[in-house]
Amino acid sequence: MRKVVAGMQMSIDGKIDGPDGYADWVDSWSDTFDLLPEIDACVLGRGMYSGYEQYWSAIKADPHSPLELSGNLPTAEEIEYADFALSTPHYLLSKTLDRVRWANTTVLRDAAEIDVLRMRPGKTIYVVGGAQTVSGLLDRGSIDELRLTIHPLVVGEGKALFATIARRHRLQLNEAKSRPDGTVSLVYTVGN
């Protein structure tokens, strides 16, 4: 069975978005977990899809222009991730969308379809978000590992990563790394 890994960037108080609806404290949305060589499929939820698609498509279309949200130029790592995102199959969990613009994207109606995907041959499946998708898949027992990048910031008001979690989950810390920018990378195995 393929492993399913969820990776998220969050503040120290567990927020993935600030009061304005985005994480203005994240300097780069590239792969902060060094997962790209292990992944051959990505999963995301309906709420995250349009912003994700627009962000990576904009970088791919013009990697030398400032990004709309931050005004910063894409990093080399973001340009690499844009190439990855546009060439890697994505699975979108949505009960409302019938079609998507993005190539290599398949709409799944039910989270149970992730279990079917896990049974197919392949590499790791990467759950890129959002919060409800991660929480829902965690509650179903469909996530094997959580990789969290914790930013040294208390946001206060904002969207919490685990706000919709329905039950308790035990985690085992496998790795903790601090980085020069003050972020901490945590890798947890999900238990019962």
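Because the structure is a prediction, the values reported are computed rather than measured.
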CD/Q132: more than 12 non-hydrogen atoms of other groups inside 6.0 Å: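 No, because the 6.0 Å sphere around CD of Q132 holds 12 heavy atoms or fewer from other groups.
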CG (D27) with more than 12 external heavy atoms under 6.0 Å: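 It does not: D27 CG has 12 such atoms or fewer within range.
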[atom1] of [X] to [atom2] of [Y]: how many Å apart, nearest 0.5 Å?
X    : Y    : atom1 : atom2 : result
R167 : R140 : CZ    : CZ    : 10.5 Å
W29  : I59  : CH2   : CD1   : 11.5 Å
T164 : K159 : OG1   : NZ    : 9.0 Å
L108 : T106 : CG    : OG1   : 7.0 Å
L67  : L73  : CG    : CG    : 7.5 Å
M8   : R147 : CE    : CZ    : 15.0 Å

What is the minimum heavy-atom distance between [X] and [Y], and which atoms define it?
X    : Y    : result
A23  : I16  : CB-O, 3.3 Å
L146 : V134 : CD2-CG1, 4.3 Å
L171 : Y188 : CB-CD2, 3.6 Å
G71  : P66  : O-CB, 3.3 Å
P19  : V155 : CD-CG1, 4.3 Å
A131 : A160 : CB-O, 4.0 Å

In terms of hydrophobic clustering (I, L, V, M, F, W, Y; side-chain heavy atoms under 4.5 Å; direct or indirect links), are [X] and [Y] co-clustered?
X    : Y    : value
L173 : I12  : yes
V116 : L92  : no
L186 : V154 : yes
I79  : W56  : yes
L161 : I165 : yes

Carboxylate-amine/guanidinium contact D13 K15, below 4.0 Å: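 Answer for the salt bridge query: yes.
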For residues [X] and [Y], determine if any side-chain heavy atom of one lies less than 4.5 Å from a side-chain heavy atom of the other.
X    : Y    : result
E80  : S30  : no
D110 : K95  : yes
D144 : V5   : no
D98  : V107 : no
I150 : M10  : yes
H90  : V100 : no
F162 : L138 : yes
Y55  : E78  : yes

Residues that F84 engages under ring pair (Phe, Tyr, Trp, His ring centres under 6.0 Å), provided they are two or more places apart: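 F84: ring pair (Phe, Tyr, Trp, His ring centres under 6.0 Å) contacts with Y81.
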V127 and I114: CA distance, side-chain angles, deciding distance, side-chain contact (heavy atoms from CB on, under 4.5 Å) verdict: CA-CA 10 Å; V127 180; I114 302 299; over 6 Å; no
Whether R109 side chain and S94 backbone form a donor-acceptor pair below 3.5 Å: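 Judged by distance alone, yes, a pair lies under 3.5 Å.
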Stepwise side chain to side chain donor-acceptor pair (under 3.5 Å) test for D115 and S142: CA-CA 7 Å; D115 298 332; S142 299; 3.2 Å; yes
Salt bridge (charged side-chain N to carboxylate O under 4.0 Å, His left out) partners of [X], counting only residues at least two apart:
X    : result
D83  : K60
E175 : K177
D17  : none
E53  : R101

Between side-chain atoms of residues 39-51 and protein atoms elsewhere (two or more places apart, or another chain), which donor-acceptor pairs fall under 3.5 Å?
unit_1	atom_1	unit_2	atom_2	d
D40	OD1	R2	NH2	2.5
D40	OD1	K123	N	3.3
D40	OD2	K123	N	2.9
Y49	OH	W102	N	3.4

